[in-house]
Amino acid sequence: MREHKILVTGTVGAGKTTAIGLVSEVAPVVTDVRNSDASIDKARTTVGLDYGQLTLDNGDIVRLFGTPGQVRFDFLWKILARNALGLIVLMDNSRADPLADLSMYLDAFAEHLRTLPCVVGVGRMHSHPSPALDDYAERLASSGRVFPILDVDVRRRSDVLLLIDTLLMQLEADMRGDEA
């Protein structure tokens, strides 16, 4: 049995708390409080971390740590990223400039992304089809990165599990490459 720490990050409202709570086998730890930031259109927001865990079919345990989305909590992002084996970045395609949001997270986690696998999940594409997944791929390529990019609905367990599986497949491929 192995344990995998995965960091889930992304913009406010992208669904980090929802995603972790949906797949967690234990009661998730949530540090949501009443939102006092008028620029954020939601009643509650994460100010610390979210935590959940699930057991894979092979007995491995995945521990999911979610970051707050507000940039003012970026000091927590670095703390939560310690010892992570991979990163899931959730993007909200309904935001004013989601590609700029992606760039900000790529910059914020640049040091970690040199060695960690990553997958990008883009939500709300059905209601906001632009930018397209190809636009995200181009933004990644312009920063010298290639990561899987998936259209997801974090309210669907299967979509959240697909993000986790995609990340774990990258980890497994990296481990096989190291053995060769």
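Below, each value reflects all heavy atoms present in this structure, side chains not excepted, and no hydrogens, waters or symmetry copies.
- Scanning both residues, Trp77 and Pro68, for their nearest heavy atoms gives NE1-O, 2.8 Å.
- Exactly one of Leu7, Leu76, Val8, Asp50 qualifies for a side-chain contact (heavy atoms from CB on, under 4.5 Å) with Thr67. That residue is Leu7.
- In plain terms, the two heavy atoms of Leu150 and Leu133 that are nearest each other are C-CD2, 4.3 Å.
- A heavy-atom distance below 4.5 Å is not found between the side chains of Cys118 and Phe109.
- When side chains are defined from C-beta on, Arg145 counts as touching Leu106, because their heavy atoms get closer than 4.5 Å.
- Met91 approaches Leu102 most closely through the heavy-atom pair CE-N, 3.3 Å.
- A pairwise comparison of heavy atoms in Leu80 and Lys5 identifies O-NZ, 2.8 Å as the closest pair.
- Results of the side-chain contact (heavy atoms from CB on, under 4.5 Å) test with Leu54 over Asp60, Leu161, Val26, Val160 single out Leu161 as the only residue that passes.
- Inter-residue side-chain proximity for Leu167 and His4 is flagged as unmet; no heavy-atom pair is nearer than 4.5 Å.
- For the pair Asn93/Arg95, no side-chain contact is recorded, criterion being any heavy-atom separation below 4.5 Å from C-beta on.
- In plain terms, the two heavy atoms of Arg124 and Ser94 that are nearest each other are CD-OG, 3.6 Å.
- The two atoms that bring Gly69 and Tyr105 nearest to each other are O-OH, 3.0 Å, heavy atoms only.
- Remark: side-chain polar atoms of Asp135 are paired, donor with acceptor, to backbone N or O of Ala132 under 3.5 angstrom.
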